[in-house]
Structure formats: structure tokens, C-alpha cells
There are 2 protein chains.
Amino acid sequence: MKKAAQGGKVKMSDIASALGVSAMTVSRAFRGDAGINAQTRARILSKAEELGYVFDSTASNLRQNRTGFVAVTVPSIENANFSATVRELSRGLLKRNIQILLANTEYDPEEEERLIAQLLRRNPEAIVLTGAQHTAKTRALLSKAPMPVIEIWDLPAKPIGHVVGFSNEASVRGLVDHMVKSGRRRLAFLGGETAHDPRGAQRRAGFVEAMAGHGLEATRLVPAGAAPVGMTEGASGLELMRTLFPDTDGLICVSDLVAFGALAQCHRLGVKVPEDLAIAGFGNYEIGRICEPPLTTIDVHAGLIGSRTADMVLGLLEGTPLAAPLRQVLQPDLILRRSTP
Amino acid sequence: MKKAAQGGKVKMSDIASALGVSAMTVSRAFRGDAGINAQTRARILSKAEELGYVFDSTASNLRQNRTGFVAVTVPSIENANFSATVRELSRGLLKRNIQILLANTEYDPEEEERLIAQLLRRNPEAIVLTGAQHTAKTRALLSKAPMPVIEIWDLPAKPIGHVVGFSNEASVRGLVDHMVKSGRRRLAFLGGETAHDPRGAQRRAGFVEAMAGHGLEATRLVPAGAAPVGMTEGASGLELMRTLFPDTDGLICVSDLVAFGALAQCHRLGVKVPEDLAIAGFGNYEIGRICEPPLTTIDVHAGLIGSRTADMVLGLLEGTPLAAPLRQVLQPDLILRRSTP
DNA sequence: CGGAAAATAGTTATCGATAACATATTGAGC
DNA sequence: GCTCAATATGTTATCGATAACTATTTTCCG
């Protein structure tokens with residue numbers, strides 16, 4: 001409970017004068033510098049402990065012009081896919097004691113702009129953006145920024161800097177191909193119609209494209225509402241689909257959560273999955289593995305995106321300047337389960 | 001792509017000399033200080049824009065001894081309950097432009113200790129800990145720390161500082177009472193047996209207590225494995241329960257995710273819910289609302305914990321020192337749905 | 001044993017914004 | 001016109017750690 005500091009805070013020079021050494025030596029002791037006597041170092045660390053010294057990285061950051069954190073924006077941390085990415089990113093960066101400054105854009109580019117302006121003031125060593133949809137001002141800010149910028153979860157046509165992503169369009173193609181191969185022709189897509197969920201929109205576009213590739217018309221496009229869409233929207237979306245396109249025999253959803261909502265609604269309505277309606281999701285969420293029937297889906301390797309991004313950041317921070325920005329393209333996997341025949 | 005700064009970075013004194021004013025005036029312009037001429041301020045801001053100036057909060061932080069961020073630890077950011085808390089906490093603090101430094105403890109007190117030591121070096125304005133299980137060293141570190149400490153999601157008997165939480169034990173009692181009232185007597189509890197999930201353990205203890213209150217023995221305690229436990233563990237746990245205690249007529253699970261896993265397994269085994277087995281969860285996750293039948297659960301108001309914590313932090317940062325630490329107790333709600341009769 | 005390299009420690013100035021104090025200008029009231 | 005207060009701006013020192021440099025041992029070799 002005694003929070004108030006009794007005196008001023010303890011600093012390196014206090015330790016130094018207590019031991020009759022210079023502040024510089026104390027600094028060296030703390031950084032595990034090579035050129036310091038092991039015994040001196042031990043004395044310093046033990047005295048520091050005794051005095052309750054806490055290293056002040058604010059001062060260190062200013063002097064070294066290194067802050068030791070990376071700024072990260074995500075549309076929503078509540079999405080299990082994004083949080084898996086953040087987790088692995090965080091874990092990877094922790095190896096070098098780099099911390100994450102996280103900001104939620106709530107799927108709003110304007111909010112992203114505000115947040116990035118704030119984050120830049122803190123001098124992060126790199127900026128990681130989930131998604132590639134930005135305002136013009138954000139792009140301008142970031143292209144002038146002195147630190148590396150990495151866009152993840154997308155393959156932007158005009159990247160700001162580096163990229164770690166995958167093709168949402170191509171991934172959906174795998175689902176369509178699978179459904180068509182098993183004889184389904186009257187396919188619908190649920191979700192992805194809003195401007196503020198570019199990845200959803202890309203999946204939807206991929207659906208349209210893939211259908212065209214099979215000579216089929218992609219007329220069955222069902223809206224699910226504004227991002228973030230979840231199970232609730234999946235359930236209501238399934239109803240809407242049945243009203244608009246009652247003869248649909250295969251449904252691809254913008255995410256597993258939506259697919260599960262649709263599946264649960266099918267149970268309630270007595271629609272048999274996959275017999276009456278095949279359903280596929282996207283993202284390989286845990287629920288797709290557990291529900292009955294389990295969901296065919298696309299594993300986008302959300303965690304891997306995070307760890308690869310961490311590796312890229314660490315490489316960029318150590319390495320020599322690069323001629324061209326990096327672009328790492330990951331390959332999502334099609335996971336076949338019983339919700340499709 | 002032109003990342004390399006052409007010259008040195010632009011600082012306040014550059015703007016100052018470009019306009020023939022002092023650096024102090026520039027500083028005042030940026031902070032919206034009262035005592036500055038509106039026209040001068042406009043000139044400064046426009047010149048700053050022109051030069052591409054980015055405010056350096058590192059320097060500001062050092063001088064003012066205010067960093068503008070709050071450190072937060074969570075067991076796992078992938079848990080939708082915790083991420084809801086973080087989201088609302090973040091949203092609340094953003095009003096005052098305070099950012100969050102987030103760290104995942106992975107349910108490991110040792111890891112928490114390491115992370116907190118790191119976080120303290122950054123001089124956060126407050127420290128928010130999810131959970132009340134800490135190592136002795138963590139407690140020592142934090143009780144000496146100069147900034148407010150808030151433990152959330154629990155009601156610790158010996159809090160380090162302030163608290164925003166609820167009683168896990170009492171919440172489970174509501175579930176037990178409901179099941180008993182509807183005639184079930186052979187109740188089981190799934191999960192919460194591990195040392196590293198104190199909230200799970202408290203729920204389990206609450207189950208035992210509540211059963212005793214009804215004169216019933218709580219012998220049906222089924223382990224679910226190490227935290228974090230999810231749907232997968234729910235499914236396997238249900239199997240285990242059916243082996244160990246085949247006559248169970250009501251199952252309370254440590255979370256909705258576990259409950260859903262159990263429910264899905266019941267579907268597969270032909271066990272009717274709630275006729276053959278009543279199931280309840282904990283946490284009011286979205287899935288419990290959507291699955292069939294929807295799950296009876298406890299809404300712990302995860303988001304509210306976050307926003308209340310934000311309010312508390314803001315109050316502590318502005319207000320005068322307090323005589324005693326704050327303790328805010330929230331009341332979870334029992335939500336009755338069809339998975340219990 | 002002489003001398004060069006290695007090991008260890010100290011000095012001084014600095015990172016960039018800003019608190020605290022000092023100064024200059026304007027205006028109001030009598 | 002004069003004083004006092006309000007307004008607007010400038011000066012200097014400082015937050016705490018550390019880069020860059022210098023100074024002093026110690027070690028090791030031919």
C-alpha cells in the first residue's frame with residue numbers, strides 16, 4: 001500500500017556513489033558489457049538489488065534512439081485469428097526483449113490513421129499493420145517514416161513497405177473447386193460485402209472469380225452485415241440465404257465463425273449438413289474442428305504469420321539496409337472435413 | 001521505400017529556428033498551452049507539417065516522468081473473455097491518449113514475474129494484472145513499485161493494491177442452485193483442477209461448496225487438462241466423465257468453450273441435452289448463444305471489467321492519494337438457456 | 001625486462017522536450 | 001501618465017542513461 005516513494009527514485013549514479021565507482025561502470029554492469037570485471041559487476045548488481053533500483057528505459061531509449069518496441073495494429077483483437085498472430089509475433093519478439101504496442105482499429109481506416117499518428121510519436125522500431133487498406137494520409141505518414149513498415153494478412157498491390165501475407169482470393173478458389181468437384185453447382189457465399197472488411201471482400205471476390213473459372217455464375221451473394229461478423233450473423237445469414245436462394249446446395253462463409261452460425265441454424269431448421277447443404281468456412285478456428293459435422297475450411301496459419309513477421313522484424317533490425325522491400329507469401333491449406341461431401 | 005532519413009530527424013528546435021522563435025514556444029504550441037498566441041501556434045503547426053516533424057514522446061516522457069502507458073498482463077490474449085476486457089480497457093484509456101503495453105503470461109506465474117520486471121523498466125503509469133496468483137518476488141516488486149497496481153478478474157484475499165473483480169465461487173453457486181432446483185442431484189464439474197488456472201480452481205471450489213450447501217457430495221470432479229482448456233478438452237472431458245461417472249445428470253463446465261466441446265460430443269454420442277444431461281458453461285461466450293441447445297452460463301461482464309478498470313486508472317492518475325486501496329466488486333449474471341431444464 | 005596489447009574504469013557531452021524562472025509587451029483602471 | 005496585472009515569449013538547466021573518448025592498470029610475449 002505504501003506507494004509513495006520515500007525519497008527520490010534510485011538511479012544509476014546512486015549505486016555508483018554508494019560503491020565508489022562511476023555511473024558509466026554501473027551502466028556497463030547492467031548491459032552485460034564485455035569490458036567489465038565480473039566481480040565489480042556482481043557488486044553493482046547486488047547493491048542495485050539492495051537499493052531497489054529499477055532500470056529506467058525511458059532515459060536509455062532517448063540516448064540510444066532505440067525504444068525496444070514494435071507497434072502493431074489489428075482490426076480487432078477479439079478475433080481469434082488475429083490474436084493468434086499477435087501472440088506469435090509477441091512471442092517471437094520477446095526473444096530480443098522487444099515489446100508490442102498494440103492498437104485496435106475496429107475495422108476503421110480513420111481510426112487506424114489516428115492510432116498510427118499516436119504510435120509514431122513513440123518511435124517504435126517497426127510498424128506492423130494488419131491489412132492493406134489505409135487512408136491516403138496514413139500512407140503518406142508511413143512512407144516517410146524512418147522505421148520499417150510491414151503489412152500482414154494481405155498481399156497488397158501497392159505495398160507501403162514489406163509484406164507477410166497470403167492470397168485470400170486464391171484460398172477461396174480451393175473451396176469452390178472442392179465443392180464443384182463433388183457435384184455442387186448452386187453455390188452461395190455469405191459475408192464480405194462491406195467496404196470495411198477488405199479480407200472478407202477479397203474472399204468474396206475470389207468466390208466470384210472461381211465460379212467464373214468453372215463457367216458458373218456467382219449470383220448467390222448473401223450479405224452478413226458490418227464487420228466484425230460472427231456466429232450471430234452466420235445464423236441470420238443462413239435464414240436470409242434460404243429466403244433469397246432456397247435451392248442453394250453449397251455455402252461458403254467468410255469465416256468459420258459465420259459458418260458455424262449457419263450450421264447451428266441448419267440444425268434448428270432441420271436442414272441436413274452436408275446432405276442438403278454443404279458448408280465451408282475460412283480460418284480454421286477451433287470450433288470448426290469440434291462442431292458436428294466438423295467444418296471444411298482454409299487454414300491460413302495465423303500463428304505462422306505472426307512468427308514469420310517477428311523473424312522479419314528481427315532481421316530488418318539487425319541486417320544491412322535492403323535494396324528492395326521483402327514480400328513473404330504464405331500458402332494457406334485446404335482442410336477437408338465432413339461438412340462438405 | 002525511401003526509408004533512410006536524408007538528414008537528421010526534425011526536432012522542435014528546427015521548427016523554432018525556421019520561424020525565429022524559441023524551442024519552448026514550439027513546445028507550448030504542441031501541447032495546446034493556454035499562454036500562446038493563436039496565430040503563432042498556427043504558424044508553428046503548419047511549419048511542423050511542412051517539415052514533416054514527428055513529436056518525440058521519448059524525450060517528453062523522460063523530462064516529465066510520465067510515459068502515457070499502462071502495463072497489462074493477461075494469461076492469454078486468445079481467450080475471448082480476456083480480449084474483451086483488454087479491448088474495453090484500451091478503449092477507455094484512449095480517451096486520455098494512454099496506450100497499453102500488453103503481455104501474455106501464458107498462465108505461468110514465473111513468466112509473469114519476468115514480464116513484470118520488464119514492464120516496470122518502462123515506467124508505466126499503472127499496472128493491471130489479470131488474476132491474483134503471483135510469485136513472492138512479483139509481489140515484492142509490485143508492492144515497492146511507485147505506480148498503482150490493479151488486480152482484475154478475481155477478489156484476492158491479500159490484494160497488492162486495487163481490485164476490480166468478481167467472485168468466481170459465488171457465481172458457480174448460482175449454476176448449482178439452478179440445477180438442483182430443477183431436480184438434478186448427480187452433478188459433475190469439468191475442469192479447474194490445475195494449479196495454473198486459479199479462476200478455474202475457484203469455480204471448481206465454488207461447485208464443491210455449493211453442493212455441500214445442498215447437502216450433496218461433490219465427488220464428480222472431472223479433470224480437463226492444463227490451461228488453457230478449450231473445446232477440444234471439453235469433448236474429451238465429456239468422454240472421461242461418462243466413463244468415470246456414467247449416471248451424471250448435470251454437468252457444469254469451467255467455461256463455455258469447454259461446455260460447447262462437451263455438448264458437441266453429446267451430439268455425437270446421442271446423449272440428449274438437456275433431457276439426459278443438463279450442461280452449463282461459464283463466461284457467456286458468443287458460442288453459448290448460438291449453439292443448439294444454447295448454453296446456460298454466467299455472464300461475468302468481461303468488457304465491463306475492462307471499462308471499470310480504465311475508469312479506475314484514470315481516477316487514480318488524476319486524483320489525490322487515497323487512504324485505502326479501491327476494491328470494486330462486480331456481480332456476474334446467471335443466464336438461463338435451454339441446455340438446462 | 002621492455003613494450004604493446006588487452007582489460008578495466010573514468011570524463012564529458014549528449015539524446016529532445018520541458019519545468020522553472022525571467023523578460024518583454026500590451027492593456028486596463030485611476 | 002503611471003502602476004499593476006495579464007499575456008506572450010525567451011533562457012537555462014534538467015530528466016537518467018550512455019556514446020565516444022581518455023586514462024590507468026594488468027597481462028603476456030619475445
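Protein chains get the first letters and strands the later ones, always in sequence-line order, with residue 1 at the start of each.
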Atom-to-atom span, CZ of Arg121(A) to C1' of dG16(C) - whole angstrom: 13 Å

Starting at CE of Met24(A) and ending at P of dA13(C), how long is that distance when rounded to a whole Å? 15 Å

OP1, OP2 of dT9(D) versus side-chain N and O of Thr40(B): anything below 4.0 Å? yes

Separation of dG10(C) P from Ile44(A) CD1 (nearest whole Å): 8 Å

5'-most contact on DNA chain D: Val10(A) or Ala38(B), nearest heavy atom basis? Ala38(B)

State whether a side-chain donor-acceptor pair under 3.5 Å links Glu151(A) with His134(A). yes

If you look at every strand shown and take non-hydrogen atoms under 4.0 Å, does Arg28(B) touch a base, only sugar-phosphate, or nothing? base

Distance check needed: dA19(D) P versus Met12(A) CE, whole Å only. 10 Å

Between dT8(C), dA17(C), dG16(D), which nucleotide gets closest to the side-chain atoms of Asn37(A)? dT8(C)

Take the protein atom NZ of Lys9(B) and the nucleotide atom P of dC15(C), then report the distance between them rounded to whole Å. 11 Å

Could you tell me whether Phe55(A) contacts a base, only the sugar-phosphate backbone, or nothing, with contacts defined as non-hydrogen atoms closer than 4.0 Å? sugar-phosphate

Between Ile36(B) (CD1) and dT7(D) (C1'), how many Å, whole number? 12 Å

I'd like to check Leu316(A) versus Leu326(A) (side-chain heavy atoms, cut-off strictly below 4.5 Å). Are they in contact? yes

Taking only the side-chain nitrogens and oxygens of Gln64(A), find out if one of them lies under 4.0 Å from OP1 or OP2 of dA19(D). yes

Which part of the nucleic acid does Val21(B) contact within heavy-atom distance under 4.0 Å: base, sugar-phosphate only, or nothing? sugar-phosphate

Could you check how far CZ of Arg63(B) sits from P of dA19(C), rounded to whole Å? 7 Å

Under 4.0 Å: is that the gap between some side-chain N or O of Ser60(B) and OP1 or OP2 of dT18(C)? yes

Heavy-atom side-chain proximity of Val128(A) to Ile100(A) below 4.5 angstrom: no

Name the nucleic acid region contacted by Asp56(A), choosing base, sugar-phosphate or nothing; use a 4.0 angstrom heavy-atom cut-off, strictly under. sugar-phosphate

With respect to the phosphate group of dA17(C), does any side-chain polar atom (N or O) of Thr58(B) fall under 4.0 Å of OP1 or OP2? no

Would you say Thr138(B) and Thr135(B) are linked by a side-chain donor-acceptor pair, where the criterion is simply a distance under 3.5 Å? yes

Can you tell me how far C1' of dA20(C) sits from CG of Asn65(B), to the nearest Å? 17 Å

Using a cut-off of less than 4.0 Å, is there contact between a side-chain N or O of Thr25(A) and OP1 or OP2 of dG10(C)? yes

Side-chain contact, heavy-atom cut-off 4.5 Å: Asn123(A) with Asp56(B)? yes

Does Tyr53(B) place a side-chain N or O at less than 4.0 Å from the phosphate oxygens OP1/OP2 of dA17(C)? yes

